[in-house]
Amino acid sequence: MGYWLMKSEPDVFGIDDLERVGVEPWEGVRNYQARNMMRDEMKKGDLAFFYHSNTTVPGIVGVLRIHREGYPDDAAFDPDHNYYDPKSDPDNPRWYRVDVAFEEKFSEVLPLSWLKQQPELSDSPLVRKGNRLSILPVTEAQWRFIMEHAHRR
DNA sequence: GCCAACGTTGGC
DNA sequence: GCCAACGTTGGC
C-alpha cells in the first residue's frame with residue numbers, strides 16, 4: 001500500500017470541504033512529476049495526508065483515501081475552466097487526476113513548523129527548502145510516526 | 001506583500 | 001540543446 005501527501009489551499013478546497021462532499025476529483029494538478037504519480041503510482045486504497053498550504057498555519061490536517069485511480073483531467077479540455085490547458089488533447093491527455101475520499105480530520109493541525117523539527121521526517125521532501133511539489137510520497141515509517149502524533153494530541 | 005526556489009517556455 | 005525570461009508556489 002502506498003502513502004502520500006497532497007497539498008491544497010484551504011481557501012480553494014480544504015479538509016472541511018472534503019468531509020462535506022465525501023468524494024472529490026483532485027483536479028488542476030499541472031506539474032509533470034505530480035501527474036506521473038497520480039497516473040502511474042497511486043493505487044485505489046492508498047492513503048494520503050491532506051496538507052493545507054498558503055494559509056496562516058500550513059500543515060497536515062487529516063487523511064484521505066485514493067478512491068479512483070488516475071484518469072484524464074477533463075478540466076484541461078474546457079476553455080471556460082480555470083484549469084484549461086489548450087495543449088491537452090482528449091485523444092492524448094496531458095493531465096490526469098484521481099478521485100479522493102474523506103477518511104479522517106485530525107483534532108488539531110500538525111504544523112509545518114513542528115514537522116520540520118522532527119528528526120524522523122528530516123528525509124522527507126516536505127521539510128526540504130524550496131519544495132513546491134503538490135503531491136509527495138511518504139514512507140511507511142513517516143506515515144506511522146505522523147499518525148501516532150496526530151492521535152496522541 | 002515579499003521573495004526564494006523552481007518549472008516551463010521559447011528564441012536562438 | 002542551451003539558457004534567459006517569465007510565471008507559479010508557498011512560507012514567512
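Naming: A, B, ... by sequence-line order, numbering from 1 per chain.
Each of A:R30 and A:N54 was matched to the nucleotide of DNA chain B holding its nearest heavy atom; the match closer to the 5' end belongs to A:N54. Heavy-atom nearest nucleotides on DNA chain B were determined for A:R94 and for A:R132, and the one closer to the 5' end corresponds to A:R132.
For DNA chain B, the contact window with chain A, defined by any atom under 4.0 Å from a protein heavy atom, covers B:dA5 to B:dT9 in 5' to 3' order.
Counting only residues at least two apart or on different chains, no salt bridge (Lys or Arg N to Asp or Glu O under 4.0 Å) pair has a member in residues 39-49 of chain A.
With sequence neighbours excluded, the residues that form a side chain to side chain contact (heavy atoms under 4.5 Å, CB included) with A:A76 are A:R30, A:D85, A:S88, A:W95. Taking the salt bridge (Lys or Arg N to Asp or Glu O under 4.0 Å) definition, one finds that A:E103 meets it with A:R65, sequence neighbours left out.
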List the atom pairs, donor and acceptor, that lie under 3.5 Å between side-chain atoms in residues 49-60 of chain A and the rest of the protein, sequence neighbours left out.
unit_1: A:H52; atom_1: NE2; unit_2: A:I15; atom_2: N; d: 3.1
unit_1: A:N54; atom_1: ND2; unit_2: A:E9; atom_2: OE2; d: 3.4

Could you give the side-chain donor-acceptor pairs of residues 124-138 of chain A under 3.5 Å, partners two or more places apart or in another chain?
unit_1: A:S124; atom_1: OG; unit_2: A:L126; atom_2: N; d: 3.1
unit_1: A:R128; atom_1: NH1; unit_2: A:D123; atom_2: O; d: 3.1
unit_1: A:N131; atom_1: OD1; unit_2: A:L133; atom_2: N; d: 3.2

